[in-house]
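Chain letters run A, B, ... following the sequence lines, proteins first, then strands; residues in each count from 1.
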Amino acid sequence: MKERLDHKELEERIAKFWEDEGIYSFRNDGPDKVYSIDTPPPTISGLIHLGHAFSYSQADFVARYKRMRGYNVFYPFGFDNNGIPTELFVEKTYGTTAEKEGREKFIGLVGGETAKFAEMYKSTWRSIGISVDWSLLYNTISEEVQKITQLSFIKLYRMGREYRMLLPTIWCPKEGTALSQMELKDKSLKSRFVTISFSDQIKIATTRPELLPACVAIFVNPDDTKNSVHVGKIVKVPIFGHEVKVIADRRVDMSKGTGMVMCCTFGDLTDIEWYKAYGLELKIVMDRHGKMLPEYFGGRKVREAREFVIEDLRKRGCIVDEKEIVHSVNVHERCGTEIEFLVKKQWFVKYLDMKQKLIELGRELEWNPKYMQVRYENWVNGLQWDWAISRQRLYGIPFPVWYCKKCDAPILALESDLPVNPMKDMPKSKCENCGSSEYVPEEDIFDTWATSSLTPLINARWGLDGKYMDSVYPMSLRPQAHDIISFWLFTTLVKCYLHTGKIPWKSVLISGHGLDSKGMPMHKSAGNIIEPRVVIEKYGADSLRHWASLSKLGDDASFQEKDVTSGARLVNKLWNTARFISMNDGKPEVKTRIMDRWIASRATAVMEKVTEMMEEYNYSGAKREADAFFWFFCDNYVEFIKYRLYGGDRSPIKTLREVFLIIIKMQAPFMPYITEEVYQELYMKQEGCKSIHISKWPGRGDMLVDPDALAAGDEAQKVIAYIRQWKHDRKIALNAEISEVVASKDFGELEADIRGAMNIRKLSKGHATSKVEGTDVSIEIMQ
RNA sequence: GGGCUCGUAGUCCAAUGGUAAGACAUCGCCUUCACACGGCGGAGACCGGAGUUCGAUUCUCCGCGGGCCCACCA
């Protein structure tokens, strides 16, 4: 074995071996002993950072452990290239927009970009040593996934779980496109705050006087003694003359303006809240490009209409106050345009009536860590609206639906035709409602969560050939981070339950985030991204995984280079121990001594503890135990038996090899490369297994438990530690010879071990006064 | 504002109803034939307050500070 380990060479060679040998291949031969994992598909947005390495490693610890426990592990991988981050990323890369390119062409661009990045992502995940079966790869914009998403829509509709309702959406009037909240930013803008007199007593301050024609109500705070007297009154809107009611609501800030506010459909998000809460009238005054409709202010643009209406109001004597203010408004981050709201019919999944059931389903899941369940329940309890699944965007999966031109009834695509694009394809049937064959296509696309919420079914190939449905669904595990319990976890539970009547997984594993060294999330904009590749090149993948293994499940962890360094040291130590064993190889003798049975018994105890922790998904506890035992083994047992080996006694070899095998098996889920290398060097032939990762996890009965040896060995170890300290206090080299030690007891067989370990010429029983702490033994040392 | 969570040596963190393990850094000793990417040893810590208890770092409450999610921000 080489003196120095070259982790780059090692990782390339071993990763290739795993792939060539299909070590992580899933065998689709029935549900027996299957462990299936609903891997999170990373978003394709051009970024891979240590946060990914952190959470994916944690799921991989579980996958590798289960594989060694004899499970047929179903561990797929997916790419999420269906969402807005991908869209924005591709738009930026090509300097274009989905609007400009059109849906078909843009999906083509995404496809090319995904293929490019998929290779990069794949190579990163491979080098981290994530043991997925790459033949189970999916991506969320693929034809197959489009088909599944559309099928889900059609089935839910037929179940009566979906409906359409008018809802405002955030809109960029400049680009004429719907926006997500992700695309908004705050901007401080100067604005004119004008106070308009509706009547003698009703004065309202607003920055949006042009929305006067869309005014549908006036709000005051019920605690506002001055203004609340007007509650219930009917007021005429200036210029337009329509009548609106004064309503009390706590969302009104009494200190702003006059304490009275007009609600228009729609000027801001509060207007939407009120509109929904009080079932107000809908008055649309603006088109999709931010122009007033022709009947209002002659179809002027918003800003011009504002000037126009202020002038008009002034002439009528309705302006009672006017001042410049600076306030924060939402703008489109790409072009800086102030957003508007556009009202459109949207699709909803109805689930508010299922709250109680959803709580119960959540309780059927095994939550790790347990407290994460509370977050889920709080979310479900706080739900106020059904789930809006349509988005007015171009890029994404289209709805498989057209509408009857005459009666607006939906015309669904045939399941056998999926996936369809209603903008290109034509419906096969006439309107079920009125028999008309004229139709208009749905232009909206699905919200990304409408697709992500199907990953267990996508993995099982539901709606396709369904070939994994029996063997992998419900899945054993959903690993994911805590920030999307309310999105991914919740929506998956909803949809999969509706489709299958079962919860989609047995357990969930909620990980934290890998943060930078200061505890900040890694973001491109923060400039604190560290790529896994960089760390792997410097320290190796095992070392990076070591860092990920140290933090408790669910906890965020800041990236500490020292933890990676200590991982590298551990790898080095494992390698050198293996070298030591290979140097002292040869035919082992069957006979053992107390010291051997001592370390073997200790190893068994540690093994049992580690196994128990792994079963509870407490990988960090398991890793700490395994690490601690390995260092203990090196510093004590290996040091204690050297005198025997050097003296030509081969009796420790058997134990040395057996215990070290346990050690590398406990480390295998965490440090797959070094353990594989050592296994192949030392144990492959003996065990008749080509990879440690499919070898058997040691169990009760494989190893010795000898309580007498355990007690005697512990005592000897403490005596040796005492003598070490004694030598140390006198600044004597640890291997320096001691002429005599007198002890209060006869160590029997262990006498030779103590003498050997500490280089003592004579060890005898006699009167001694220095007590060795933690034992009943007293000793006297004579230099 | 609400929910959850965290707050331990210079730094990062572990466990625990009876004052606390480890890693990095630091200091001292040891160049012993697997490993100086090593060994041995030293110094160094439980956010503040109240309560429960014989006893709290550990349990409860309050406060302060950090994180995540939600709500709010005419």
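- Note: OH (A/Tyr376) to P (B/C4) measures 18 Å, nearest angstrom.
- Taking atom C1' in both B/A23 and B/C37, one finds a spacing of 14 Å when rounded to whole Å.
- Taking a cutoff of 4.0 Å between a charged side-chain nitrogen and a carboxylate oxygen, A/Asp596 and A/Lys654 do not qualify as a salt bridge.
- In this structure, the CH2 atom of A/Trp379 is 6 Å from the P atom of B/C70, given to the nearest Å.
- For the P atoms, the distance from B/U5 to B/A14 is 16 Å, rounded to whole Å.
- For B/U11, neither phosphate oxygen OP1 nor OP2 lies less than 4.0 angstrom from any side-chain nitrogen or oxygen of A/Lys518.
- When distances run from any side-chain atom of A/Lys642 to the nucleotides B/A14, B/C68, B/C35, the shortest one goes to B/C35.
- Checked against A/Phe54 for a ring-ring contact (aromatic ring centres under 6.0 Å, His included), the options A/Trp547, A/Phe559, A/Phe61 give a single hit: A/Trp547.
- Between the side chains of A/Asp224 and A/Asn227, at least one donor N or O lies within less than 3.5 Å of an accepting N or O.
- Checking B/C13, B/C69, B/C40 against every side-chain atom of A/Ser558, the shortest atom distance belongs to B/C13.
- If you measure from atom NZ of A/Lys573 to atom P of B/A36, you get 9 Å, rounded to the nearest angstrom.
- The phosphate of B/C13 (OP1 or OP2) has no side-chain N or O of A/Lys562 nearer than 4.0 angstrom.
- Looking at RNA chain B, the stems built from 3 or more consecutive Watson-Crick or G-U wobble pairs, each pair with its key distances under 3.5 Å, are B:1-7 with B:64-70, B:10-12 with B:22-24, B:26-30 with B:38-42, B:47-51 with B:59-63.
- Using C1' as the reference atom, B/C12 and B/A50 are 31 Å apart when rounded to the nearest Å.
- Nearest nucleotide to the A/Arg375 side chain, out of B/G38, B/C4, B/A14: B/C4.
- No donor-acceptor contact under 3.5 Å links the side chain of A/Lys552 to the base of B/A15.
- Contact annotation: side chain of A/Glu639 to base of B/A34, donor-acceptor pair present below 3.5 Å.
- Within the 4.0 angstrom heavy-atom criterion, only backbone atoms of the sugar-phosphate kind lie near A/Ser566; the bases stay farther away.
- Picking from B/C68, B/A34, B/U11 the nucleotide with the shortest atom distance to the side chain of A/Pro521 gives B/C68.
- Under the 3.5 Å distance criterion, with hydrogens and angles disregarded, a donor-acceptor pair is assigned to the side chains of A/His482 and A/Asp556.
- The shortest distance between the side-chain N/O atoms of A/Tyr371 and the OP1/OP2 oxygens of B/C69 is not below 4.0 Å.
- The P atoms of B/A74 and B/G49 are separated by 41 Å, rounded to the nearest whole Å.
- The nucleotide whose nearest atom lies closest to any side-chain atom of A/Asp556 is, among B/G67, B/A34, B/G22, B/G67.
- Residue A/Cys634 is in base contact, counting any heavy-atom pair closer than 4.0 Å across all strands shown.
- One can place CG of A/Asn381 at 13 Å from C1' of B/G2, the figure rounded to the nearest angstrom.
- Closest approach of A/Tyr619 to A/Ala548, counting heavy atoms only: CE1-O, 4.0 Å.
- The same atom, P, is picked in B/A9 and in B/A21; the two are 14 Å apart, to the nearest Å.
- Within 4.0 Å (heavy atoms only), A/Asp635 reaches sugar-phosphate atoms of the nucleic acid but no base atom.
- Salt-bridge check for A/Glu210 with A/Arg208: passed, with a basic side-chain N closer than 4.0 Å to an acidic carboxylate O.
- Residue-level contact check: A/Phe632 touches neither bases nor backbone, having no heavy atom under 4.0 Å from any strand.
- The side chain of A/Asp563 sits closest to B/A23 out of B/A34, B/C40, B/A23.
- Proximity note for A/Val252 (side chain, C-beta onward) versus B/C35, B/A74, B/U5: the nearest is B/A74.
- Judged by distance alone, the side chains of A/Arg579 and A/Asn576 do bring a donor and an acceptor atom under 3.5 Å apart.
- Within 4.0 Å of A/Trp575, counting heavy atoms only, lies no atom of the nucleic acid at all.
- Figure legend: A/Arg602 and A/Phe629 shown without cation-pi pairing, the cationic atom not lying both under 6.0 angstrom from the six-membered ring centre and within 45 degrees of its axis.
- The C1' atoms of B/G2 and B/G42 are separated by 50 Å, rounded to the nearest whole Å.
- Nearest to the side-chain atoms of A/Gln725 among the listed nucleotides B/C33, B/A36, B/G42 stands B/G42.
- Here A/Trp547 lies out of heavy-atom contact (under 4.0 Å) with every strand.
- Looking at residues two or more places apart in sequence or on another chain, you find a side chain to side chain donor-acceptor pair (under 3.5 Å) between A/Tyr539 and A/Glu561.
- Heavy atoms of A/Arg4 sit under 4.0 angstrom from at least one base atom.
- Separating the C1' atom of B/U57 from that of B/C6 is a span of 15 Å, rounded to the nearest Å.
- The nearest whole Å value for the distance from the NZ atom in A/Lys623 to the P atom in B/A23 is 13 Å.
- At a threshold of 4.0 angstrom between heavy atoms, the contacts of A/Val374 are confined to the sugar-phosphate backbone, with no base atom among them.
- Of the N and O atoms on the side chains of A/Gln667 and A/Asp542, not one donor lies less than 3.5 Å from an acceptor on the other residue.
- Among the heavy atoms of the strands, none lies under 4.0 Å from A/Phe219.
- Rounded to an integer number of Å, the gap from A/Ile641 CD1 to B/A34 P is 11 Å.
- Mapping A/Thr258 and A/Tyr646 onto RNA chain B by nearest heavy atom places A/Tyr646 closer to the 5' end of the strand.
- Rounded to the nearest Å, the gap between the P atom of B/C73 and that of B/G66 is 24 Å.
- Atom CH2 in A/Trp726 sits about 15 Å away from atom C1' in B/C29, given to the nearest Å.
- Positionally, the nearest nucleotide of RNA chain B for A/Leu515 lies more toward the 5' end than for the other of A/Met260 and A/Leu515.
- Between A/Phe670 and A/Ala622 the shortest heavy-atom distance is CZ-CB, 4.4 Å.
- Which of B/A36, B/A23, B/A34 sits closest to the side chain of A/Phe580 comes down to B/A34.
- The side chain of A/Arg569 places an N or O atom within less than 4.0 Å of a non-bridging phosphate oxygen (OP1 or OP2) of B/C24.
- Atom CZ in A/Phe490 sits about 13 Å away from atom C1' in B/C70, given to the nearest Å.
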